[in-house]
> 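Here's a structure for you.
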Amino acid sequence: MKQSKLFYKTYKESIHSEDSLNAQLLIRGGFIEKVGSGLYNFLPLGLKVLEKIKRIIREELNKIGCQEISLINLHPIEYWQITKRIDKFDILFKTKSHNGIEYILAPTHEEIIFPLVKKIISSYKDLPLALYQINLKYRDELRAKAGLLRNREFLMKDLYSFHINDEDLEKFKSLVDKTYLKIFKLCGLRAILTLASGGTFSKFSTEFQVPTLSGEDEIYYCENCNQAWNKEIIKTSKCDHCKKKLDIIKSIEVGNTFNLGTKFSKDFELFYLDKFNKKKYVLAGCYGIGISRLLGAIVEVNNDKYGIVWPSNIAPFRAHLLLLQYSNKKINLKLIKLANKIYQFLTNNNIETLFDDRTDVSNGQKFVESDLIGIPYKVIIGESSLNEELEIKLRNNNKIFKVKINNLLKCLK
RNA sequence: CGGGAUGUGGCCUAACGGCUAAGGCGCUUGGUUUGGGACCAAGAGAUUGUGGGUUCGAAUCCCACCAUCCCGACCA
C-alpha cells in the first residue's frame, strides 16, 4: 500500500476527548475515528489489524472442528421473551419495524442459534457440534469507556457448542480454553486463565484476563499454577492448589468460556434422540472473544513513548518502507526509483508493505509517523542505500542494522 | 442513574463582561529545505455545543438541555 493513497491522518497532539491510552494511540495513529461514546469507525489501518486477529481466531477454531456461520443481528423480540432475558438484561437496544414488529439488536446470540440448531439436529449422531461467528454486538452500556475496551457496538467472536452430556461438553470446553490461550499468545498477549462466576448458568465460568493497570477487573493470581480467580468469587488470598499467597492484579477480560448446561435447550426444547430412542436435552456451551476489545487491550500493553508497537502477527503491515529525500534532486530521483523497486520486490515476495512514497514530507515527519503507527520493521531508503546497502531498523529494540538487498527477505521473515 | 470535570475552525490551545474571536498543528499555492512532526510568504477555514435569561454590550455571568471524559453502580 502506498502511503500517499492511504486513507488516514495522524495527530501530533493528544486528543482532548479521550483519556485512555488505547484510544489516544489508535486515533492519533489513524487506526480509528470516534463517532460518539463507545462508538468508533475503523479506518483501513485499524481494519487491517482486526482482519489479522480474525484470521488467527478462524484458523485456530477451524483446527478444533468449529464451523463458521453468520447470524442475524435483528432479533424478533419473541425469542427474547422465550428465554425471559428481555426482563433481565437492561442493556438491550430495542427497535421497531414500520409495521410495529419489535426487535432486539443482538447483544449475544443464544436466542437465535438455539432455534437454528433445533431445526437441523435431532440425533446423538449429529453431536457434538460447534458453530461460531464473528459479528457485531450491541449493548446499551450504562457507561461506555476506555476507548475500545467497553463499547456500545463492538465486534465479537462467539462460539456455541452442543453435546450429548456434560462430560463431553467439559472436555470440549477445556479444549477451547487451551485454544484461547494459544489465540491470545499469537496476538502478542499474555492472557491468564481465570476462574469466575458462572452467572445463572453454572457454578463457574472461565475468563481470559490480560494484566494491565488500565484494566477494570481485579484477579487473584497464582504464579506457581499460572491461574487466577476473579475477585467476585475469591474466598481466600491463598491458591486452592498450592497454597501460595495470591497476587492481586488489574486486568482486562478479553474472552470467556461458559458451560450453559441445559438452560437454553430447555427454553427452546432442543432435544436429541439417544441410542435407545430416548429424548434428551442437549448440553451446550458458549465461548466469546471480544475482538475489538482485544485490539484495544493489545494497544494498552504494546506501546512505547513514541506510539504503538504491534506484535508481529497482527501488525497492519510487516514492513514500513520509508523513502527519504534530500536537497540533491539527482539523488532523490535515484532513491525514488530504488524505493519503488524494493516495494515491488517486497510485494512480489508477499511481504505486506506500507510504502511511504511521499516526496513532500520531511524525513523527520516520516520517522515520527512511522513510530506512531508501529509497524514492526522499517526499511529505510536513504543516501546510504545507494551503494547496494539498505538500512533496516528493527523497531522493538530500536536496533539499526544494515542489510544487503539480497538478504532483505531473510531479515523480514 | 448518582458524583466530578470539560465543551472555541478538522486537531490542540488563547482571549479581564467591551474594537473584526487570537495563535499553533493540519490543509491550499509558491519558494527554500530534508536521518527524528523543518522554514519563509500568501491564502481558505468559526454564527465559541444547543436554547433561553441577565446586560447598553456575553466565548466569558445565570438557568435548562445536549455531548464528551473520569469515579461509582452494571457488564464481553
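Naming convention: chains lettered A, B, ... in sequence-line order (proteins, then strands); numbering from 1 in each chain.
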> Students often mix this up, so state it plainly: with edges at 30° and 60°, are the rings of A:H109 and A:H75 parallel, tilted or perpendicular?
perpendicular
> In whole Å, I'd like the distance from the CG atom of A:D356 to the C1' atom of B:rU34.
13 Å
> Can you find a donor-acceptor pair, distance only, under 3.5 Å between A:S17 side chain and B:rG7 base?
no
> Between B:rC12 atom C1' and A:R28 atom CZ, what is the distance in whole Å?
11 Å
> May I ask you to say what A:E369 touches in the nucleic acid, namely base, sugar-phosphate or nothing, with a heavy-atom cut-off under 4.0 Å?
base
> Compute both the distance and the angle, then confirm whether A:R190 meets the cation-pi test with A:F208: under 6.0 Å from the six-membered ring centre, within 45 degrees of the axis.
no
> In this structure, how many angstroms lie between the P atom of B:rA76 and the OH atom of A:Y180, rounded?
13 Å
> Angle class for the A:F172/A:H163 ring planes (parallel below 30°, perpendicular above 60°, tilted otherwise)?
tilted
> From C-beta outward on A:Y11, which listed nucleotide comes closest to its side chain: B:rG35, B:rC11, B:rC74?
B:rC11
> Whole Å only: how far is the NZ atom of A:K366 from the C1' atom of B:rU34?
10 Å
> Identify which nucleotide among B:rC69, B:rC71, B:rG37 has an atom closest to any side-chain atom of A:L372, counting heavy atoms from C-beta outward.
B:rG37
> Ion pair present between A:K173 and A:E170, side-chain N to carboxylate O less than 4.0 angstrom?
no
> Looking only at atom P, what distance separates B:rA58 and B:rG49, rounded to whole Å?
15 Å
> Using atom CZ of A:R358 as one end and atom C1' of B:rU34 as the other, report the distance to the nearest whole Å.
14 Å
> Give me the stems containing RNA chain B, sorted by first residue, counting only three or more consecutive Watson-Crick or G-U pairs with both distances under 3.5 Å; say none if there aren't any.
B:1-7 with B:66-72, B:10-13 with B:22-25, B:27-32 with B:38-43, B:49-53 with B:61-65
> With the stacking rule set at 5.5 Å and 30°, tell me whether A:F367 counts as stacking on B:rG37.
no
> Looking at B:rC11, I'd like to know if its phosphate oxygens (OP1 or OP2) sit under 4.0 Å from a side-chain N or O belonging to A:H16.
no
> In the 5'-to-3' direction, what one-character label does each nucleotide of nucleotides 21-30 of chain B receive under the scheme B = base within less than 4.0 Å of a protein heavy atom, S = sugar-phosphate only, - = no such atom?
---BSS----
> Provide the distance between the two P atoms, one in B:rA41 and one in B:rG23, to the nearest whole Å.
13 Å
> Please confirm whether the shortest side-chain N or O distance from A:R143 to OP1 or OP2 of B:rA73 is below 4.0 Å.
no
> To the nearest Å, give me how far apart CZ (A:R152) and P (B:rU68) are.
7 Å
> Specify the residue among A:S327 and A:R293 whose closest nucleotide of RNA chain B lies further upstream toward the 5′ end.
A:S327
> Using a strict heavy-atom distance below 4.0 Å, which residues from residues 33-49 of chain A are in contact with RNA chain B?
A:K34, A:G36, A:S37
> Are any of the side-chain nitrogens in A:E51 or A:K48 under 4.0 Å away from the carboxylate oxygens of its partner?
no
> When all nucleic acid strands are considered with a 4.0 Å heavy-atom cut-off, which category describes A:E253: base, sugar-phosphate, or nothing?
sugar-phosphate
> Using atom C1' of each nucleotide, how far apart are B:rA59 and B:rA21 to the nearest Å?
8 Å
> With P as the reference atom in both, quote the distance from B:rC69 to B:rU8 in angstrom, rounded to an integer.
14 Å
> Think A:S362 has a side-chain N or O under 4.0 angstrom from the OP1 or OP2 of B:rU34?
no
> Rounded to whole angstrom units, what separation is found between the CD atom of A:E153 and the P atom of B:rA76?
18 Å
